[in-house]
Amino acid sequence: MAEERSRRVFLSTSAALSAAALSSTTLTGVPADAEEQGGRLSPQRPDAELRAILREIDEQRIEATVRRLAAFGTRHTLSSQTDPVRGIGAARDWIFAEMKKSAQRSGGRMTVESQSYLQQPAPPRIPVATTITNVVATLRGSTTPERVYVVSGHYDSRCSDPLDATKDAPGADDDASGVAVAMELARVLATRRPAATIVFAAVAGEEQGLFGARHMATLYKAAGTNVQAMFTNDIVGSSRADDGTRDPHTIRLFAEGVPTSETPAQADIRRAVGGENDSPSRQLARFVRSVAENDATGMTVRVIHRRDRYLRGGDHIPFLEQGYPAARFTEPHEDYAHQHQDVRVENGKRYGDLPEFCDFPFIARVARVNAATVWSLATAPGTPEDVRIRTNRLTNDTDLVWRRGTDPDLDGYEVVWRETTAADWTQVTRVGDTTEAKVDLSKDNVFFGVRAVGKNGRRGPVAFPTPLS
């Protein structure tokens, strides 16, 4: 009886602390570091190194990149690949040259490749065999290079007719803005030494059917690459909605619940234990908020519990199809007069995806959100693997087990939990450098997770457990 009362008191205290943690979260984070505080989980504040990185992100360089890409006239996937001044080929060559400039500052740790393949006809949007090329810059990790994080934008564009490869399609917001984010991160991070590998990609073929990203994801899967996170930046160029209102300090992050790659057996487990809100992509979204909502980025991350916008898609989906955690950054409100439109004036209104409709300080802040995210991921231990809850006996406590990671800077682990109705993790307890923990809370009543802690104090993403009989 005394044990039962103790457990109930512990759970009641946990719930109260959860509410306090949620109510005290602000744009600048709760007034504490990322350490455990009486069980309450806090955001991870940017340290001096990360703040220095974020200060280097240059709004003027981002603007110059967007304007240069728009100046190629069209970057349609079916446009000229040989014209030196107009078309997707000219844009591809310019991006490659700029990425090479960044790589030259890396001391040999960053390599740049043109990742090309011949896409056979794929009606309706690829009517003839077409070469599709991704420009990929890879910054090799210093201690755990096998762990990979990807940030991308797509450099192809389109006008009103998805098959018109000759008409102007400047594609400033969609998606020169996302390419500018990836390229600026490549420039700023080239001189740094992350523990894990970071990939900066400008992919093609998105508007015609996600072809470039699908090729990239398929290559990674075939090579057994351990991609632990992928973020696409697609339409991140404007804070202005179609009614003229602005939301300059919010970025949407789309993260799926039920995994795209889920098998029938995995679906059976999910239905049996819960977890519809605990996919790897949702854990990434929670991680983004914990490291990128602060005074150094000046941004709020609005997590949307969908794979993408309603019935729409982007370059993260091919990575989800391969079982990789992935999510999509997109501006808070889209203005459809300035994407997928012929450049024209109609009834006194100007249409077209032109640089003049972009908000360059906003894109720079989006770049800071991305930089805070990928740098925090690549300098923390990886996501724990094979996290399980023992179910071989009925108890009112919870036994968690996991496999120890191989990160050389691994310092230990934390168990996190939350009420089943809470959107984010609220409670944490440090369990040390171990591979198991017992928590005096019932697995029936709360959700649990495990995350790794580095010797530098950085925490990685949470892993959601599955049952172990």
Side-chain angles (χ1 to χ4, degrees), residues 75 77 81 88-89 91-93 95-96 98-100 102-103 110-120 122 125-126 129-141 145-157 174-176 178-183 185-186 189 196-236 254 256 259-261 280-281 284 307-308 313-329 370 373-374 377-378:
R75 304 187 306 278
T77 298
Q81 302 208 18
I88 195 166
R92 172 202 63 213
D93 294 345
I95 294 169
F96 183 87
E98 291 299 305
M99 289 288 211
K100 288 288 283 187
S102 294
M110 180 184 284
T111 57
V112 183
E113 65 173 317
S114 292
Q115 194 182 77
S116 295
Y117 79 104
L118 184 64
Q119 173 62 50
Q120 295 301 318
R125 294 196 177 184
I126 303 287
T130 303
T131 298
I132 292 178
T133 302
N134 303 324
V135 181
V136 181
T138 302
L139 179 62
R140 183 175 172 82
E146 68 279 2
R147 189 158 48 94
V148 176
Y149 301 96
V150 180
V151 58
S152 80
H154 72 85
Y155 71 97
D156 60 307
S157 65
D174 186 13
D175 185 35
V179 174
V181 167
M183 292 178 67
L185 264 61
L189 296 181
T197 295
I198 307 176
V199 175
F200 313 92
V203 302
E206 192 273 348
E207 300 289 6
Q208 306 309 106
L210 314 181
F211 287 100
R214 183 161 287 114
H215 179 66
M216 186 179 182
T218 301
L219 288 180
Y220 279 141
K221 192 67 173 183
T225 306
N226 183 17
V227 178
Q228 294 208 355
M230 183 273 183
F231 299 95
T232 184
N233 289 267
D234 195 351
I235 313 178
V236 295
F254 289 86
E256 71 175 10
T260 294
S261 62
S281 296
L284 277 187
R307 186 172 73 169
D308 206 311
D315 284 327
H316 59 309
I317 291 178
F319 282 79
L320 293 170
E321 291 169 346
Q322 297 296 341
Y324 292 131
R328 172 187 179 132
F329 286 111
N370 277 261
T373 297
V374 296
L377 286 166

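Bear in mind that the values here come from a model prediction, so they are computed numbers and not experimental data.
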Leu219 side chain near Gln115 side chain, heavy-atom distance below 4.5 Å: yes
- prompt: Are the side chain of Ser157 and the backbone of Arg75 linked by a donor-acceptor contact shorter than 3.5 Å?
  reply: yes
- prompt: Met99 and side-chain contact (heavy atoms from CB on, under 4.5 Å): which partner among Val136, Val135, Thr111?
  reply: Val135
message: To check you understand the geometry: which heavy-atom pair defines the closest contact between Ala186 and Met110, and what is its length?
response: O-CE, 3.5 Å
- prompt: If we only count heavy atoms from C-beta on, is the Ile126 to Gln120 side-chain gap below 4.5 Å?
  reply: no
message: Quick check: do Val199 and Met216 have side-chain heavy atoms less than 4.5 Å from each other?
response: yes
- request: Calculate, to the nearest 0.5 Å, the distance between atoms CD1 and CE belonging to Ile95 and Met183 respectively.
  value: 6.0 Å
message: Could you measure the distance from the CZ atom of Phe319 to the OG1 atom of Thr218? Nearest 0.5 Å is fine.
response: 9.0 Å
- line: Between the NZ atom in Lys221 and the CD atom in Gln322, the distance rounded to the nearest 0.5 Å is 6.5 Å
message: Looking at Arg147 and Leu377, would you say the former's side chain and the latter's main chain have a donor-acceptor pair under 3.5 Å?
response: yes
- prompt: Quick one: does Asp308's side chain have a donor or acceptor within less than 3.5 Å of a partner on Gly314's backbone?
  reply: yes
- prompt: So, does Thr197 use its side chain to make a donor-acceptor pair with the main chain of Gly141 at under 3.5 Å?
  reply: yes
query: Donor-acceptor pair, Ser281 side chain versus Ala326 backbone, under 3.5 Å?
result: yes
- prompt: Less than 4.0 Å between a side-chain N and a carboxylate O, is that true for Glu207 and Arg125?
  reply: no
task: Check whether any side-chain heavy atom of Thr373 lies under 4.5 Å from a side-chain heavy atom of Tyr149, and answer yes or no.
output: no
- line: Rounded to the nearest 0.5 Å, the CG atom of Leu185 sits from the OG atom of Ser152 at a distance of 11.5 Å
- request: Measure the spacing between CZ of Phe254 and CD1 of Ile317 and express it to the nearest 0.5 Å.
  value: 11.0 Å
statement: Closest heavy-atom pair, Leu284 versus Met230, reported as atoms and distance to 0.1 Å, is CD1-N, 4.5 Å
field: Euclidean distance, Gln81 CD relative to Thr131 OG1, rounded to 0.5 Å
entry: 5.0 Å
message: Test your reading of the model: is there a side-chain donor-acceptor pair from Asn233 to the backbone of Gly153, 3.5 Å cut-off?
response: no
- prompt: Side-chain contact, heavy-atom cut-off 4.5 Å: Asp234 with Asp174?
  reply: yes
query: Can any side-chain N or O of Asp175 pair as donor or acceptor with the backbone N or O of Ile235 at less than 3.5 Å?
result: yes
- request: Would you mind telling me which of His154, His215, Arg214 makes a side-chain contact (heavy atoms from CB on, under 4.5 Å) with Val203?
  value: His154
field: Considering all heavy atoms, the nearest Ser261-Gly323 contact
entry: OG-CA, 3.4 Å
Over all atoms of both residues, closest heavy-atom pair of Pro325 and Leu320: C-CD2, 4.5 Å
Any donor-acceptor pair under 3.5 Å from Asn134 side chain to Ser116 backbone: no
message: For Ala137 versus Val112, what's the shortest heavy-atom pair and its separation?
response: CB-CG2, 4.1 Å
query: Is Phe200 close to Leu189 at the side-chain level, that is, under 4.5 Å between some pair of heavy atoms?
result: yes
query: With under 30° as parallel and over 60° as perpendicular, where do the rings of Tyr220 and Tyr324 fit, or are they tilted in between?
result: perpendicular
message: For Ala217 versus Pro318, what's the shortest heavy-atom pair and its separation?
response: CB-O, 3.7 Å
field: Under 3.5 Å: donor-acceptor pair, side chain of His316, backbone of Arg307
entry: yes
